[in-house]
2 protein chains.
Amino acid sequence: MIINKTQIYAIRVLELLAQHKETPISAKTISQTLDIPYKYLTRVMTKLSLCQLIDSYRGKEGGFVIAKSPLEIQLQDIVDIFSNESPHQCICADGSMCGQNGKCILHDRWQNSKESIHQSFLNTTIGELST
Amino acid sequence: MIINKTQIYAIRVLELLAQHKETPISAKTISQTLDIPYKYLTRVMTKLSLCQLIDSYRGKEGGFVIAKSPLEIQLQDIVDIFSNESPHQCICADGSMCGQNGKCILHDRWQNSKESIHQSFLNTTIGELST
DNA sequence: TTCAAATACTATACAAAGGTAGTAATTAAA
DNA sequence: TTTAATTACTACCTTTGTATAGTATTTGAA
């Protein structure tokens, strides 16, 4: 698995918050704007808040605000939060294979592609997505 | 999802069969040799047989034999059999995003990586894996 | 102070991928 | 012909990712 739905949700949310740094945006608004299921979204938001990528404000007029400069948030930061794979796992997505008898049969072949994707996640920030 | 566990299983099986073209290899042997769950494996084998990548022989001394020249079987052939994604789906693995408001925010960025992986699957055959 | 709008928390449901179990059907060899 | 080894078929179980429901907590504004 290169990237899952939850991670895409999170990236899109951060992108939206990056465009409205001034006032908090509620989960309801985010849900409607980005067409993400409300209840699922709130759990994603809570996790982003715990990881301090965003600040949350309860109560009336509350919502979420991006906590850093968008240019300082790498896509990889967001992906990591919602990933259970170890960072250096092979693209084959099967932890049992790479490392036990050496490498899986695909390891070397896709290593370059994998590395290229990983570098993109590292090198691209939320701030750059809107440009 | 670039490639899942089942697809890796299938590729490894074909690679094994390619090394023993003469006599049928039983599912039991394959399961033990490649450390793939037996019952799950037999279902994969049946599907490979239906798709005519392998021939199956029932009864005593039965088993499976690769049905083509290993150099004629592209990895993509195998991947396709166990894939439910449409071939041109975006790497974001979320069909609802690419195509509705144009492209997803990641589409362009990972397009090159995706294409590179796809080309690898097309250009690499079972026969080349062992070399 | 009250109330409505909002996040936080917990439990549950659903769907897909991966895995297991049991039985039927087939077949070569003894 | 019998039997053991094998694939084929069908149903179910488990895990993980995604989604839903209900309630508690917080807080600004009327």
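So you know, we letter chains A, B, ... as the sequences are listed, proteins then strands, and number each from 1. Note that these values count all heavy atoms, side chains included, but never hydrogens, waters or copies made by symmetry.
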Here's a test of your reading of the structure: between A/Tyr57 and A/Arg43, which maps to the more 5' nucleotide of DNA chain C? A/Tyr57
Would you say [X] reaches [N]'s phosphate, i.e. side-chain N/O to OP1/OP2 under 4.0 Å?
X	N	result
B/Tyr40	C/dA17	no
A/Lys5	D/dA19	yes
A/Ser56	C/dT7	no

Between [atom2] on [N] and [atom1] on [X], what's the gap in Å once rounded to a whole number?
X	N	atom1	atom2	value
B/Lys28	D/dA4	NZ	P	14 Å
B/Ile36	C/dT20	CD1	C1'	16 Å
A/Phe64	C/dA5	CZ	C1'	13 Å
B/Glu61	C/dT27	CD	C1'	10 Å
A/Asn4	C/dA17	CG	C1'	14 Å
A/Phe82	D/dA19	CZ	C1'	15 Å
B/Leu48	D/dA8	CG	C1'	14 Å
A/Asp55	C/dA6	CG	P	18 Å

Once you round to the nearest 0.5 Å, how far does CG of B/Leu53 lie from CD1 of B/Ile81? 4.0 Å
Between [options], which nucleotide has the shortest distance from any of its atoms to the side chain of [X]?
X	options	value
A/Lys60	D/dG28, C/dT20, C/dT7	D/dG28
B/Pro37	C/dT20, D/dA8, C/dA8	C/dT20
A/Thr6	D/dT18, D/dA5, C/dA5	D/dT18

Would you mind telling me which residue lines up with the more 5' stretch of DNA chain D, A/Leu41 or B/Ile25, judged by nearest nucleotide? B/Ile25
Report yes or no: does B/Thr124 contribute a side-chain atom to a donor-acceptor pair with the main-chain N or O of B/Phe121 at less than 3.5 Å? no
Using modelled atom types only, decide if a donor and an acceptor are shared between the side chain of B/Asp77 and the backbone of B/Ile73 within a distance under 3.5 Å. no
Pairwise side-chain contact, A/Ile36 with A/Val13, heavy-atom cut-off 4.5 Å (strictly under): yes
So for B/Lys39 and C/dG18, does any side-chain atom that can act as donor or acceptor lie under 3.5 Å from a complementary atom in the base? no
When you check the side-chain N and O atoms of B/Glu128 and B/Thr125, is any donor under 3.5 Å from an acceptor? yes
Quick one: label B/Thr42 by what it contacts on the DNA or RNA (base, sugar-phosphate, nothing), any heavy atom closer than 4.0 Å. nothing
For A/Tyr38, answer base if it contacts any base atom (sugar-phosphate contacts may also be present), sugar-phosphate if it contacts only those atoms, and nothing otherwise; contact means non-hydrogen atoms under 4.0 Å. base
